[in-house]
Amino acid sequence: MCWGRNVNGQLGNGGSGNLPSPAFVSGGIQAISIAAGGEHSCAIVAGGTVKCWGNNQYGQIGDGTNTPRSVPVDVPNVTGATRLGAGFGHTCALVGGGAVKCWGRNAAGQLGNGTTQNSLVAVDVAGLTGATQLSSKASHNCVVVGSQLKCWGLNQHGQLGNGAMSNSSVVVDALISGATAVAAGGQHTCAIVSGGVRCWGDNFFGQLGNGNTASSLLPVNVLNVAGATSLTSGDQHACAVVGGGGVKCWGYNSDGELGNASQANSPTAVDVLELERIFGSGFENL
């Protein structure tokens with residue numbers, strides 16, 4: 001089920017009207033995993049095939065056309081998918097053997113195939129195998145391979161974590177080891193390392209969580225976070241589930257995305273109020 005803005009059919013219900021409450025995606029698809037991009041959505045269904053719908057300006061639906069789709073369509077040549085990542089105008093899927101396939105917009109090299117040409121169909125991320133985690137955001141992607149973090153795409157603020165600020169159309173190693181999870185943000189990236197969280201890239205709103213607003217090409221420690229078990233990033237903020245089922249967030253907060261009854265940005269992690277009281281320690285399993 002999907003809800004919200006729908007001008008490009010990204011809710012998948014066959015229409016283009018915004019919806020303030022959930023509605024079923026057409027076709028009754030049984031999703032194993034889902035990903036929402038800028039104005040498109042995708043789902044892994046039985047057998048590891050992928051269906052997408054919504055805006056298709058750059059080919060992010062992956063069906064070989066630029067035609068927007070208000071109902072799900074199949075992405076050809078993608079099977080065995082286990083995880084999805086969706087950016088502003090591109091999509092990636094983690095498939096068998098830890099390989100990754102991407103499609104759509106590629107101006108910053110976010111398809112990882114050594115070019116900057118958009119692709120209407122899925123292409124292989126060059127030389128990548130053994131990935132177990134995948135995260136995509138606006139125009140970059142990162143994966144976990146063993147304990148190594150690898151990224152590609154836009155790098156304007158150092159979000160690839162390789163100590164540089166040049167875009168990369170091929171996979172590069174981030175200067176961090178021991179990562180067990182990764183979350184790509186708009187122009188920053190965060191990873192869980194030994195239960196703590198480290199972030200790098202743009203920090204204008206405090207989304208690196210290290211107590212200041214200076215951007216960093218190298219990973220910095222998020223303050224006040226320990227025992228993190230999962231992680232997600234928005235365009236300019238990030239959140240982590242920590243031990244006991246609590247959630248901590250940091251960064252941009254003008255719309256209340258940090259959940260701490262404030263609209264002030266925070267360069268350090270703050271507690272999301274009420275979650276542990278409502279759900280108890282089982283929150284992290286929802």
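All values derive from a computational prediction rather than experimental measurement.
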So, [X] side chain and [Y] main chain: donor-acceptor pair closer than 3.5 Å or not?
| X | Y | answer |
| --- | --- | --- |
| R105 | Q60 | no |
| S136 | G87 | no |
| N18 | N6 | yes |
| Q236 | G185 | no |
| N162 | A174 | no |
| K248 | V242 | no |
| N55 | Q57 | yes |
| D173 | Q148 | no |
| N265 | N253 | yes |
| N13 | G15 | yes |

Side-chain contact test, heavy atoms from C-beta onward, threshold under 4.5 Å: evaluate it for [X] versus [Y] and give yes or no.
| X | Y | value |
| --- | --- | --- |
| R69 | C52 | no |
| H140 | N155 | no |
| L120 | N66 | yes |

Can you give me the closest heavy-atom contact between [X] and [Y], atom names plus distance?
| X | Y | result |
| --- | --- | --- |
| A126 | V171 | O-CG2, 4.2 Å |
| V222 | C199 | CG2-SG, 3.5 Å |
| L154 | Q187 | CD2-OE1, 4.3 Å |
| A31 | A43 | CB-CB, 4.0 Å |
| C42 | H40 | SG-CD2, 4.0 Å |
| L175 | P219 | O-CG, 3.6 Å |

What distance do [X] atom [atom1] and [Y] atom [atom2] have between them, rounded to the nearest 0.5 Å?
| X | Y | atom1 | atom2 | answer |
| --- | --- | --- | --- | --- |
| L208 | D202 | CG | CG | 7.5 Å |
| S266 | E257 | OG | CD | 12.0 Å |
| L94 | T132 | CG | OG1 | 7.5 Å |
| I176 | S147 | CD1 | OG | 10.5 Å |
| T268 | N221 | OG1 | CG | 13.5 Å |
| Y252 | Q263 | OH | CD | 9.5 Å |

**Request:** Go through the steps for W103 and N77 under the test side chain to side chain contact (heavy atoms under 4.5 Å, CB included), then give the verdict.
**Result:** CA-CA 11 Å; W103 54 95; N77 303 319; over 6 Å; no
**Item:** Sequence neighbours excluded - disulfide (SG to SG under 2.5 Å) pairs with any residue from residues 215-273
**Value:** C239-C249
**Item:** Cluster check V143, V95: I/L/V/M/F/W/Y, side chain < 4.5 angstrom
**Value:** no
**Message:** In this structure, would V75 and W53 fall into the same cluster of hydrophobic residues linked by side-chain contacts under 4.5 Å?
**Reply:** no
**Request:** Could you tell me whether F88 atom CZ has more than 12 heavy atoms of other residues or ligands within 6.0 Å of it?
**Result:** no
**Message:** Are there over 12 heavy-atom neighbours, none belonging to I34, within less than 6.0 Å of that residue's CD1?
**Reply:** no
**Prompt:** Do N8 and E39 get their side chains close enough for a donor-acceptor pair, meaning under 3.5 Å?
**Reply:** yes
**Prompt:** What pairs with T115 under side-chain hydrogen bond (donor to acceptor under 3.5 Å, both in side chains), at least two apart in sequence or on another chain?
**Reply:** N106, N113
**Request:** Go through W250 and N224 one step at a time and tell me if the side chain to side chain contact (heavy atoms under 4.5 Å, CB included) criterion holds.
**Result:** CA-CA 10 Å; W250 56 95; N224 302 329; over 6 Å; no
**Item:** Full working for side chain to side chain contact (heavy atoms under 4.5 Å, CB included) between N203 and N210
**Value:** CA-CA 9 Å; N203 196 27; N210 66 330; 3.4 Å; yes
**Complete:** Per side chain to side chain contact (heavy atoms under 4.5 Å, CB included), L11 is matched among P22, C2, S70, S16 by C2
**Message:** Would L149 and V144 count as a side chain to side chain contact (heavy atoms under 4.5 Å, CB included) here? Give the steps.
**Reply:** CA-CA 5 Å; L149 200 62; V144 176; 3.7 Å; yes
